[in-house]
**Student:** 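Sharing a structure with you now.
Throughout, protein chains are lettered first and strands after them, A, B, ... in sequence-line order, and every chain is numbered starting at 1.
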2 protein chains.
Amino acid sequence: MHGATHHLTALERAEALCQTRGVQLTPLRRDVLRLVLEAEAPIGAYALLDQLKASRPKAAPPTVYRALDFLLEQGLIHRLERLNAFMGCTEALEGHDHDHDHAHDHPHQFLICRGCGATREISDHAVEAAIAAAAARGGFSAPRATVEIEGLCAKCGAAKP
Amino acid sequence: MHGATHHLTALERAEALCQTRGVQLTPLRRDVLRLVLEAEAPIGAYALLDQLKASRPKAAPPTVYRALDFLLEQGLIHRLERLNAFMGCTEALEGHDHDHDHAHDHPHQFLICRGCGATREISDHAVEAAIAAAAARGGFSAPRATVEIEGLCAKCGAAKP
DNA sequence: GTGGCATTGTTATCTTATAACACTCACGAC
DNA sequence: GTCGTGAGTGTTATAAGATAACAATGCCAC
């Protein structure tokens, strides 16, 4: 029940979201988004570039970085700072039926497995609240937090504990 | 009550910590640590290299990266993933009288001001607990979290709200 | 004094990211 | 119609961050 169907759905959601916002999900941007979604783990810009070159021999670093910038601005993908890599935004693309304008900048955290590299996006309100409180206590306003939690996922933890 | 005295104290603490552990805070490593501590905000490896060259013309990228690796291993500095930059570890160097072995890997978070760049390390137990709970709920074990909170500090928030 | 180990020096290279400028194409103003 | 404007993309070059690989030094144990 995953695989191609899953990705088509996500791409269709992305398309709809962009139409609503009056921005263009061009073929290039769509291709980059598709490649990000097809990757099993967060993928780096140059790995993406290599794959993109299969269908677009003319692609160069700015090609992929500009597409990634667009997708980031639209909240369709996230950047993982620890990995210098990108992954699809679960919230925006797997439709938990939130307000779509919210997808631009929603609180989120990542669970990164140091065994297999698989990464999940979560949206934990307790974490978010604790961070907001800590920021306020420190006199900080308008906080936006990068939260990347590295550990062993259930599968890898069972394999080699 | 800050300034030179503050930094000397921190360097002395670092020295003592390394002696206890049987590792060497060599002159080079000490210089790099001093430069990191003297910076007003997190500082990048190449900015550090430029400054280091004033006293050590022979310095090259590996010079500074190896020193930084050592300081990171000893928990004397932290790396800020969003900034590709380094800052001193408040916990290890400003002595809140914890168990010193704990300084190797203590839970911590950062408050980064997007106005002035000033960054503070905090150690918020509620944030840590919420993250541990979220990781456990996701089936993740042995979590270590990168938490970098960007916002406006009290000074910058007042200046341009 | 020599063998091993930690540290530093040295050169080259790799990865990640952006600057700067040219070209195309769609669209509206006139 | 054609002229300009702006978004998107192509193209070349370079900046910024990080590491690989090997050589040289210095110190201590034996």
Side-chain angles (χ1 to χ4, degrees), chain A residues 14-15 18-19 21-36 39 41-74 76-87 117 146 148, chain B residues 14-15 18-19 21-36 39 41-74 76-87 117 146 148:
Chain A
E15 196 85 61
C18 288
Q19 284 219 348
R21 293 174 183 166
V23 296
Q24 302 180 57
L25 187 63
T26 62
L28 171 61
R29 291 165 175 173
R30 197 175 201 277
D31 281 357
V32 171
L33 177 56
R34 182 177 46 75
L35 290 172
V36 170
I43 183 170
Y46 280 72
L48 226 32
L49 177 56
D50 283 345
Q51 295 191 30
L52 192 62
K53 276 179 175 165
S55 61
R56 295 172 178 266
K58 293 184 274 190
T63 312
V64 61
Y65 277 105
R66 287 192 288 226
L68 289 170
D69 285 346
F70 171 85
L71 297 170
L72 286 168
E73 273 167 24
Q74 297 303 320
L76 301 175
I77 63 172
H78 292 299
R79 175 186 170 82
L80 286 117
E81 300 293 340
R82 286 174 75 118
L83 307 177
N84 292 332
F86 304 85
M87 69 177 290
T146 296
E148 301 182 1
Chain B
E15 195 84 62
C18 288
Q19 283 220 348
R21 293 174 183 166
V23 297
Q24 302 178 58
L25 188 63
T26 62
L28 171 62
R29 290 164 177 174
R30 197 176 202 276
D31 281 357
V32 172
L33 177 56
R34 182 176 48 73
L35 290 172
V36 170
I43 183 170
Y46 279 72
L48 226 33
L49 177 56
D50 284 344
Q51 296 191 27
L52 192 63
K53 276 179 176 166
S55 61
R56 295 173 177 266
K58 292 183 277 190
T63 311
V64 61
Y65 277 106
R66 286 193 288 226
L68 289 170
D69 285 346
F70 170 85
L71 297 169
L72 286 168
E73 272 168 23
Q74 298 303 319
L76 301 175
I77 63 173
H78 291 300
R79 176 187 170 82
L80 286 117
E81 301 293 339
R82 287 175 73 120
L83 307 178
N84 292 332
F86 304 85
M87 67 177 294
T146 295
E148 302 181 0

**Student:** Within this structure, what is the CG-to-P distance between L72(B) and dG17(D), rounded to whole angstrom?
**Tutor:**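 Value for this atom pair: 16 Å.
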**Student:** Roughly how many Å is it from CG in L83(A) to P in dT15(C), rounded to a whole number?
**Tutor:**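 Between P of dT15(C) and CG of L83(A): 17 Å.
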**Student:** Would you mind checking if R66(B) and D69(B) are paired as a salt bridge, meaning a charged N to carboxylate O distance below 4.0 Å?
**Tutor:**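 Judged by the 4.0 Å cut-off on N to carboxylate O distance, D69(B) and R66(B) do not form a salt bridge.
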**Student:** Contact between L80(B) and T146(B) at the side-chain level, heavy atoms closer than 4.5 Å - yes or no?
**Tutor:**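 No, their side chains stay 4.5 Å or more apart.
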**Student:** Could you state the CG-P distance from L80(B) to dA18(D), rounded to the nearest angstrom?
**Tutor:**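 It is 12 Å, rounded to the nearest whole Å.
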**Student:** If you only use heavy atoms from C-beta on, which nucleotide in dA17(C), dT8(C), dT10(C) is closest to the side chain of R79(A)?
**Tutor:** dA17(C)
**Student:** So which nucleotide from dA6(C), dG9(C), dT12(D) ends up closest to the side chain of T63(B)?
**Tutor:** dG9(C)
**Student:** Is N84(A) near enough to dT15(C) that one of its side-chain N or O atoms lies under 4.0 angstrom from OP1 or OP2?
**Tutor:** no
**Student:** Specify the separation, in whole Å, of atom NZ of K58(A) and atom C1' of dT24(C).
**Tutor:** 11 Å
**Student:** Does the side chain of T26(B) get closer than 4.0 angstrom to OP1 or OP2 of dT8(C) through an N or O atom?
**Tutor:**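 Affirmative; the distance criterion is met.
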**Student:** Can you tell me how far the CG atom of L28(B) sits from the NZ atom of K58(B), to the nearest 0.5 Å?
**Tutor:** 11.0 Å
**Student:** Rounded to the nearest 0.5 Å, how far apart are OG1 of T63(A) and CG of D31(A)?
**Tutor:** 12.0 Å
**Student:** To the nearest Å, give me how far apart CG (L25(B)) and P (dT8(C)) are.
**Tutor:**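 Taking atom P of dT8(C) as the reference, CG of L25(B) is at 10 Å.
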**Student:** Under 4.0 Å from OP1 or OP2 of dG8(D): is there any side-chain N or O of Q24(A) that close?
**Tutor:** yes
**Student:** Hey, does the side chain of R56(B) come within less than 4.0 Å of dT10(C)'s phosphate (OP1/OP2), counting only N and O?
**Tutor:**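 The answer is no; no side-chain N or O of R56(B) sits under 4.0 Å from OP1 or OP2.
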**Student:** Given atom CZ of R82(B) and atom P of dA17(C), what is their separation to the nearest angstrom?
**Tutor:** 14 Å
**Student:** Without decimals, in angstroms, what is the distance between D50(A) CG and dT16(C) C1'?
**Tutor:**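 These atoms are roughly 13 Å apart.
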**Student:** Does a side-chain heavy-atom distance below 4.5 Å link F70(B) with T26(B)?
**Tutor:** no
**Student:** Is any N or O donor-acceptor pair between the side chain of R66(B) and the base of dG9(C) shorter than 3.5 Å?
**Tutor:** yes
**Student:** Reading nucleotides 23-30 of chain D from the 5' end, what letters show protein touch, with B for base, S for backbone sugar-phosphate only, - for no heavy atom under 4.0 Å?
**Tutor:** --------
**Student:** Which residue lies toward the 5' end of DNA chain C, R29(B) or A85(A), if each is placed at its nearest nucleotide?
**Tutor:**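 Closer to the 5' end of DNA chain C: R29(B).
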**Student:** Take the protein atom CD of E81(B) and the nucleotide atom P of dT16(C), then report the distance between them rounded to whole Å.
**Tutor:**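 For the pair E81(B) CD and dT16(C) P, the rounded distance is 14 Å.
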**Student:** For dT18(C), take OP1 and OP2 only and decide whether either is under 4.0 Å from a side-chain N or O of Y65(A).
**Tutor:** no
**Student:** When you match L28(B) and P62(B) each to their closest nucleotide on DNA chain C, which lands nearer the 5' end?
**Tutor:** L28(B)
